[in-house]
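Working notes for the structure below.
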Amino acid sequence: MSDTGHGIEPAVLAHVFEPFFTTREVGEGTGLGLSVVHGIVRSMGGVITVHSEVGRGATFHVYLPAPSVQQQETARLASAAG
């Protein structure tokens, strides 16, 4: 996912996946969004990366492992069963 927004400053970029890290004012966010996404991606054996430049936006890449043949078959059977 990419945007063309303000970008993320290097000092902030180093912390974006940390739980409770936020640049918002008190009461305007918990700082859990990206840390939750990071945890989910890692629990699935994947990786999430971010590249950003101030004034040029940010790009997040999520890489997930391909499912095995057995996992695909299990998902197909579960879907067919309703």
Side-chain angles (χ1 to χ4, degrees):
M1 173 189 299
S2 296
D3 70 33
T4 57
H6 300 289
I8 305 169
E9 295 179 21
V12 173
L13 193 61
H15 301 283
V16 295
F17 296 118
E18 293 177 9
F20 304 110
F21 178 79
T22 184
T23 58
R24 296 181 182 187
E25 296 294 323
V26 174
E28 292 191 17
T30 61
L32 289 174
L34 286 175
S35 67
V36 169
V37 171
H38 183 261
I40 292 169
V41 170
R42 291 208 40 192
S43 74
M44 297 176 70
V47 175
I48 183 170
T49 64
V50 59
H51 173 77
S52 183
E53 294 179 37
V54 175
R56 301 199 74 166
T59 300
F60 288 82
H61 288 103
V62 176
Y63 300 94
L64 299 172
S68 68
V69 172
Q70 181 180 7
Q71 290 170 323
Q72 291 176 21
E73 183 63 12
T74 300
R76 186 188 69 76
L77 291 173
S79 177

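Along the sequence shown, the residues carry numbers beginning at 1. Below, all heavy atoms of this structure are taken into account, side chains as well, without hydrogens, waters or symmetry copies.
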Test item: [X] side-chain N/O and [Y] main-chain N/O as donor-acceptor pair under 3.5 Å:
| X | Y | value |
| --- | --- | --- |
| S79 | A75 | no |
| E73 | Q70 | no |
| D3 | A58 | yes |

Would you kindly confirm whether [X] and [Y] end up in one hydrophobic cluster when ILVMFWY residues are joined by side chain heavy atoms under 4.5 Å apart?
| X | Y | answer |
| --- | --- | --- |
| V54 | V12 | no |
| V47 | L13 | no |
| V69 | M44 | no |

Minimum heavy-atom separation for [X] to [Y], with atom names?
| X | Y | answer |
| --- | --- | --- |
| I8 | S52 | N-OG, 2.7 Å |
| Y63 | T49 | CE1-OG1, 4.1 Å |
| S35 | E18 | CB-C, 3.9 Å |

I want to check something: taking the side chain as every heavy atom from C-beta on, are [X] and [Y] in contact at a cut-off of under 4.5 Å?
| X | Y | result |
| --- | --- | --- |
| F60 | L34 | yes |
| V50 | F17 | yes |
| T59 | H61 | yes |

Worksheet item: Counting only heavy atoms not in E9, do more than 12 fall under 6.0 Å of its CD?
Response: no

Fill in: H15 atom NE2: more than 12 heavy-atom contacts under 6.0 Å
yes

Worksheet entry | Spacing of I48 atom CD1 and M1 atom CE [to the nearest 0.5 Å] | 9.0 Å

